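Just so it is clear, the model here is predicted, and its values are computed rather than measured.
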Amino acid sequence: MPQRDGALPPEFWTRPATAAALATCDIATIVEDIRRTRGWSQGELAKAVGYSQSWVSRVVNGQQSLTIDQVRDLAGRLGIPLHLLRFGGAAEPAKGADPTRRREFGKAVTVSALTLPLASAQRRGGTAPADSEIHEQTAATLRAITGGQRRLDASSPARDLARGAVAHVELAGRTLKRAQGTPFAADVAAAASEAAGFAAWLHADMGDAGSARAFYRASVDRARRAGQRLLDVYMLGSLAAFEIDADDPALGLSLAHEAGRRLGPGAHPTATAWLACVRALGHAGMGAAAEADHEIALAEQAVNRSDNAEPPWPWVFAFDHAKVAGYRALAGVRLHRPRQAHDAFAEAFAGARPGPKQSAILQVELAKAYADAGDGDEALRLAADALAVGVRLRSERVVDRVRGFRRSYRARGPGADRLDDQLTAALTGGLPPLP
């Protein structure tokens with residue numbers, strides 16, 4: 001049913017077509033999507049935005065060049081979230097616009113805080129920007145877009161965000177090519193690395209391991225080109241954690257050791273503690289208990305040295321004792337130490353809880369600990385709760401974790417039957433078909 005009044009629902013902005021339009025600032029598509037969702041005629045849309053119907057018609061047909069002020073005005077009147085509207089593609093000149101208007105438009109976009117300081121290559125007949133237009137705000141804007149996408153990830157299905165994230169990776173890559181030889185090439189490479197790392201995270205959540213690996217490799221390559229050691233270590237360590245998570249602890253551990261060599265001695269405690277925890281999971285996955293315990297001890301020592309220091313970029317949050325406890329719990333599950341895992345989970349959850357998808361992943365791990373301890377009812381309850389989150393947020397990663405738990409825990413009884421029914425429903429109708 002059309003929604004004629006009130007604010008548009010949050011999920012409107014995460015629809016694939018709308019998210020892609022936001023990611024490229026395609027005002028024509030966004031305005032038309034809003035009109036259709038509201039059930040408005042073009043005349044009603046024109047009344048809502050305070051412009052003539054003929055002007056609105058030209059906008060939605062991509063025939064009207066917009067000024068930056070007009071973009072802001074439309075966004076304010078229609079409730080378009082400015083923090084998601086970053087690129088110069090929307091206020092682009094119409095096909096056939098003369099070169100002078102294109103140049104004037106490019107200058108206007110360059111000075112706008114809404115858009116990339118670099119005018120996008122025009123999808124409807126525009127021209128590519130000159131390399132000289134790349135300046136110091138470009139990398140910051142690219143990073144701001146990735147940051148906005150990350151915030152949406154906490155409450156949105158990865159599949160709804162993936163198309164926009166991939167488009168952003170491609171844009172960042174093209175921008176990086178144009179930035180070569182400029183003073184800002186390293187900063188743009190770092191922003192491009194972050195974009196690829198986030199796309200990898202989304203594809204891992206979608207269960208697309210091949211694409212996830214490809215994006216992680218791109219993130220590592222771009223981090224090296226940026227010449228930023230901590231970013232290089234972060235992306236390589238993220239790839240290591242992904243491989244460990246994908247049941248290849250030997251490969252993951254090898255990558256984590258390489259990240260450690262690149263990190264070197266005397267690094268920031270956050271980086272040292274995090275990387276030690278990744279190595280701990282690799283050792284635990286291979287059944288090497290003593291080595292896993294040693295790495296967790298190293299992580300705790302590093303946290304003790306941090307003195308609540310601000311984490312270094314690209315880490316967003318400080319790596320504290322609660323975070324180390326979470327890794328200790330995961331290692332305990334892999335080493336079949338249910339008491340250690342249970343106590344460590346309690347310590348980890350006493351701090352700030354992670355987002356819903358990550359919490360669901362941890363719940364499955366906690367379910368394994370309860371199963372090892374002989375509390376099957378609680379294990380099945382935790383797995384069922386995690387599955388409900390996975391279905392709601394369409395996370396293949398969460399659903400696959402629950403499936404793996406059920407394969408390894410072959411209990412029978414009412415709780416097991418309920419979980420089996422939920423899994424059957426999730427796999428036959430609770431998740432969207434693959435595209």
* Asked: Can you name the side-chain contact (heavy atoms from CB on, under 4.5 Å) partners of V166, sequence neighbours left out?
  -> E170, H203, F215

* Asked: Are the side chain of S193 and the backbone N or O of S219 linked by a donor-acceptor pair below 3.5 Å?
  -> yes

* To do: Evaluate the criterion salt bridge (charged side-chain N to carboxylate O under 4.0 Å, His left out) for residue pair E243 and R213; output intermediate values, then yes/no.
  => CA-CA 9 Å; E243 295 295 356; R213 287 188 179 92; 2.8 Å; yes

* **Of L74, L78, V49, the residue whose pairing with I34 passes side chain to side chain contact (heavy atoms under 4.5 Å, CB included)** => L78

* Enumerate the residue pairs fulfilling salt bridge (charged side-chain N to carboxylate O under 4.0 Å, His left out) with a member in residues 198-209, sequence neighbours excluded, ordered by first and then second residue. => D205-K357

* Structure fact -> R224 meets the side-chain hydrogen bond (donor to acceptor under 3.5 Å, both in side chains) criterion, sequence neighbours left out, with none

* To do: Just jot down the ring-ring contact (aromatic ring centres under 6.0 Å, His included) partners of W313, sequence neighbours excluded, or say none.
  => none

* Closest heavy-atom pair and its distance - A360, A386 -> O-CB, 3.5 Å

* Asked: Given the rule in the side chain to side chain contact (heavy atoms under 4.5 Å, CB included) test, do L202 and Q149 qualify, once you have shown the distances and angles that lead to the verdict?
  -> CA-CA 10 Å; L202 291 177; Q149 292 172 332; over 6 Å; no

* Asked: How close do A426 and L387 get, heavy atom to heavy atom, and via which atoms?
  -> CB-CD1, 4.3 Å

* To do: Can you sort out the partners of V333 under side-chain contact (heavy atoms from CB on, under 4.5 Å), two or more places apart, ordered by chain and number?
  => A341, F345, E365, K368, A369

* For R381, check side-chain hydrogen bond (donor to acceptor under 3.5 Å, both in side chains) against everything at least two apart and list the hits. => E378, D385

* Knowing that exactly one of V188, V169, D232 qualifies, which makes a side chain to side chain contact (heavy atoms under 4.5 Å, CB included) with R222? -> V169

* Enter the distance from L281:CG to I244:CD1 here, rounded to the nearest 0.5 Å. => 6.0 Å

* Asked: Can we say R403 and D400 salt-bridge, meaning some charged N sits less than 4.0 Å from an Asp/Glu carboxylate O?
  -> yes

* To do: Find out whether L263 and L230 are in side-chain contact, i.e. whether some heavy atom of one side chain is under 4.5 Å from a heavy atom of the other.
  => yes

* Asked: Which is it for Y327 and I296 under the side chain to side chain contact (heavy atoms under 4.5 Å, CB included) test, yes or no, and what are the steps along the way?
  -> CA-CA 8 Å; Y327 281 92; I296 290 294; 4.2 Å; yes

* Where A204 and R397 come nearest, the two heavy atoms and their spacing -> O-CB, 3.8 Å

* **Closest contact, heavy atoms only, A384 versus Q422** => CB-OE1, 3.4 Å

* Asked: For A284, which residues count as a side-chain contact (heavy atoms from CB on, under 4.5 Å) partner, sequence neighbours excluded?
  -> A292, A331, R334, L335

* CZ/R159 to CE/M206 distance, rounded to the nearest 0.5 angstrom? -> 4.5 Å

* Asked: Do you know the tightest heavy-atom contact between A186 and Q228?
  -> O-NE2, 4.3 Å

* To do: Could you list the residues that satisfy salt bridge (Lys or Arg N to Asp or Glu O under 4.0 Å) with R77, not counting sequence neighbours?
  => D73

* **Sequence-distant partners of D248, side-chain hydrogen bond (donor to acceptor under 3.5 Å, both in side chains), two or more places apart** => none

Output side-chain donor-acceptor pairs under 3.5 Å for residues 194-201, partner residues at least two apart or in another chain, one line each.
from : atom 1 : to   : atom 2 : distance (Å)
E194 : OE1    : R143 : NE     : 3.2
W201 : NE1    : D153 : OD2    : 3.0

* Stepwise, does the side chain to side chain contact (heavy atoms under 4.5 Å, CB included) test hold for E258 with R261? -> CA-CA 5 Å; E258 174 60 25; R261 285 190 287 272; 2.9 Å; yes

* Is the gap between the ring centers of Y234 and W274 under 6.0 Å? -> yes

* For R229, look at atom CZ and say whether over 12 heavy atoms of other residues, nucleotides or ligands are found less than 6.0 Å away. => yes

* Tell me, do L393 and P356 make a side-chain contact under 4.5 Å, heavy atoms counted? -> yes

* Structure fact -> Sequence neighbours excluded, the answer for side-chain hydrogen bond (donor to acceptor under 3.5 Å, both in side chains) partners of Y370 is H342

* Check: E32 and N61 side chains under 4.5 Å, non-hydrogen atoms -> no

* To do: Check the pair R394 / D160 against side chain to side chain contact (heavy atoms under 4.5 Å, CB included), numbers first and verdict last.
  => CA-CA 9 Å; R394 289 180 285 169; D160 288 355; 2.7 Å; yes

* **4.5 Å side-chain heavy-atom contact, L380 and F405** => yes

* Structure fact -> For R410, the side-chain contact (heavy atoms from CB on, under 4.5 Å) test, sequence neighbours excluded, returns R406, R412

* Asked: Less than 4.5 Å apart, any side-chain heavy atom of D320 and any of K323?
  -> yes

* To do: Could you tell me whether the side chain of S57 and the main chain of Q53 form a donor-acceptor pair under 3.5 Å?
  => no

* To do: Please tell me if the side chains of V391 and V398 come closer than 4.5 Å, counting only heavy atoms from C-beta onward.
  => no

* Does R35 reach the main-chain N or O of W40 with its side chain, forming a donor-acceptor pair under 3.5 Å? -> yes

* **Sub-4.5 Å side-chain heavy-atom contact between L330 and L362** => yes

* Asked: Are the side chains of T272 and P269 in touch, meaning some heavy atoms are under 4.5 Å apart?
  -> no

